[in-house]
Every structure is written in C-alpha cells, then in structure tokens.
Protein chains: 2
Amino acid sequence: MICKSYKSFFNAMADECKLSIINLLSKGPLAVNDVSRKLGYEQSRVSHALTALKDNGFVVGSRNGKSMQYSLEPKIMVPLLKLIDRHVETYHRSKCGCRGVRWRDMK
Amino acid sequence: MICKSYKSFFNAMADECKLSIINLLSKGPLAVNDVSRKLGYEQSRVSHALTALKDNGFVVGSRNGKSMQYSLEPKIMVPLLKLIDRHVETYHRSKCGCRGVRWRDMK
DNA sequence: AGTTTATATGATAATAGATTCATATGATAT
DNA sequence: ATATCATATGAATCTATTATCATATAAACT
C-alpha cells in the first residue's frame, strides 16, 4: 500500500469537467450555480468536481449567504498552470492542431 | 471540441503504475526490462505506461542496442516533482497518515 | 414553521482508462 | 537466415472514475 496522494493529485485534474472549471475560476471566484450555468454542466456534476478539487487543495470554498464562493488556491495553481502551459505548448502543439493554445482558450 | 492536451497531461500520471515508474526513473535511466523486474510489473504494462509518458513528454527513450533506455525529461520533471512534493506534503499529510512522505518513499 | 434558493451527498448507470494476453517488430549474434 | 532477446502493439477484459438522478442539508426570507 502506497501513499495515494500523488495519484489523487493528478487525478483531480485529469478530466475535462474539472479542467474547464479551473479555467473558469482562473478569471475569478464564482458560486457553484454560476459555474454550472456558464459551462452548461449540471449542478451536481459541478459540485462533485469542486469537492474533488477542494479535497486536493486546488480550490477553496467559502460560504457567502446561501451560496458558496469557490476560488483557485493561488499558491499551487499559479506556478502549476504556468508550468503546464509551457509544457503543453511545447509537446502537444502539433498533436491537437492548435498553435499557441493556452488554458484560457479551452471551451 | 477542446484541445485535449491538458487532460492528457494529467492523465498520463494519474495512476500508480506510471507514478512508480517516474519514481524509479528519478534515480536514473533504465531499460524497460529493468523497470519491469524492479517493480514486478509485466513487460507490456511497463511498455504501455512508458509510451503514454513519452507521448506526453515526461520521459524520453533512446535505443541502446537491443534495449531502450528511458529517462525522465528533466526540463519538466524537476520543477513539476518539486511543486507536487511541496503541495502533496501540505495538503495530504493528514489524509494518508504518512508524515513527511516524499516521492521516493513510494513503493 | 414553512417555502424558496443554493449546494452537497449517495447510489446506480455510463464511460474512460488500465491490464492482460497473444503476437508483431526490431536488433544482435551465430 | 534463423534463433534469441528486448520492446511494442492491438484487442479483449477488467477496473476505476465520472455523470446522472433523487434526495438531503443549509441558509435566508415571509
């Protein structure tokens, strides 16, 4: 039995839904409903995804009245996104046919 | 349709097999067979995993006679592992019950 | 208290990903 | 050329993760 943290870490972001949420939150904090509407995902889908992201320390949530405000954890996300952007740019440009693609270009 | 690179990036490392291989290769380059024997994994399992890691630019392979020598791509792996180590240490220590765990402690 | 709005949770269904097995390719040596 | 060793590939199976649906909790307001 190994410490599962590393797996959990990567898994937390290895799908489109969570990546889109990260991308969206990179523009600013939002409530679950806002994310849900903006991305066209079901509420519970977003909630499950945010829980996973929160459990791995990528986002933080704070209650604001009836709603929850979620925002990226900048300490990890800023250097991580920067690193990934650079790497993805280098290694995947040709594969996906998108040149100069950036995180924020994702739909 | 979105650029799948980010997903692919994280997915490439989101399982125990690939993480163990990365951990092992962090000590130095190895051939497929060596990895296979040292980790007790099947040859084809290791090969599939290394292919995924290679396709995402985390390792490079170079032929050495009959065998292939695989090694980590230091440009991405050194800063990435450092970042992850720090983050995992911070956020998951309590969850997995291992204090001060490091990448190299994985079995 | 009851109603509405917002989010979370749990169980099942659906999907994506990994592992295995059999086999193919590639390199070296005889 | 063929035998052997090393790695890669493809398809089928197995497993893990995600999405959905129904429902529960939580806060605010009347």
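Every chain is numbered from 1 and lettered A, B, ... according to where its sequence line falls, protein lines coming before strand lines.
Taking the ring centroids of B:Phe9 and B:Phe58, they lie under the 6.0 Å cut-off.
Comparing D:dA19, C:dT7, D:dT9 by their nearest atom to the side chain of A:Met68 picks out C:dT7. Residue B:Lys18 places its side chain closer to C:dA18 than to any other of C:dA18, C:dA27, C:dT20. With C:dG17, C:dT7, C:dT19 as the candidates, the nucleotide lying closest to the side chain of B:Arg45 is C:dT19. Residue B:His48 has its side chain nearest to D:dA11 when only D:dA11, D:dA6, D:dA22 are considered. When distances run from any side-chain atom of A:Lys66 to the nucleotides C:dC21, D:dA22, D:dA27, the shortest one goes to D:dA27.
Listed for the B:Thr51 side chain is a donor-acceptor partner under 3.5 Å among the backbone atoms of B:Ser47. In this structure, A:His87 contributes its side chain and B:Met77 its backbone to no donor-acceptor pair below 3.5 Å.
OP1 and OP2 of D:dA16 both lie 4.0 Å or more from every side-chain N or O belonging to A:Asn11. An OP1 or OP2 oxygen of C:dG17 is reached within less than 4.0 angstrom by no side-chain nitrogen or oxygen of A:Lys7. Side-chain N/O atoms of A:Ser47 include one lying less than 4.0 angstrom from OP1 or OP2 on C:dA8. The shortest distance between the side-chain N/O atoms of B:Asn33 and the OP1/OP2 oxygens of D:dT7 is below 4.0 Å. Between A:Tyr70 and C:dA6 there is no side-chain polar atom (N or O) within less than 4.0 angstrom of OP1 or OP2.
For a distance-only test at 3.5 Å, the side chain of A:Gln43 fails to qualify as a donor-acceptor partner of the base of C:dA6.
Within the nucleic acid shown, A:Ala49 has no heavy atom closer than 4.0 Å to any nucleic acid atom. When heavy atoms are screened at a 4.0 angstrom cut-off, B:Ser67 is found touching the sugar-phosphate backbone but no base atom.
The 5' end of DNA chain D is approached more closely, in terms of each residue's nearest nucleotide, by A:Ala14 than by the other of A:Ala14 and A:Asn64. Along DNA chain D, the nucleotide nearest A:Arg63 and the nucleotide nearest B:Leu50 are compared for position; the residue whose nucleotide lies closer to the 5' end is B:Leu50.
Between B:Asp15 and B:Lys18 there is a salt bridge, since a side-chain N of the basic residue sits under 4.0 Å from a carboxylate O of the acidic one.
Annotation for B:Asp34 and B:Arg37: closest pair OD1-NH2, 2.8 Å, computed over non-hydrogen atoms.
In this structure, B:Glu42 places its CD atom 13 Å from C1' of D:dA8, rounding to the nearest Å.
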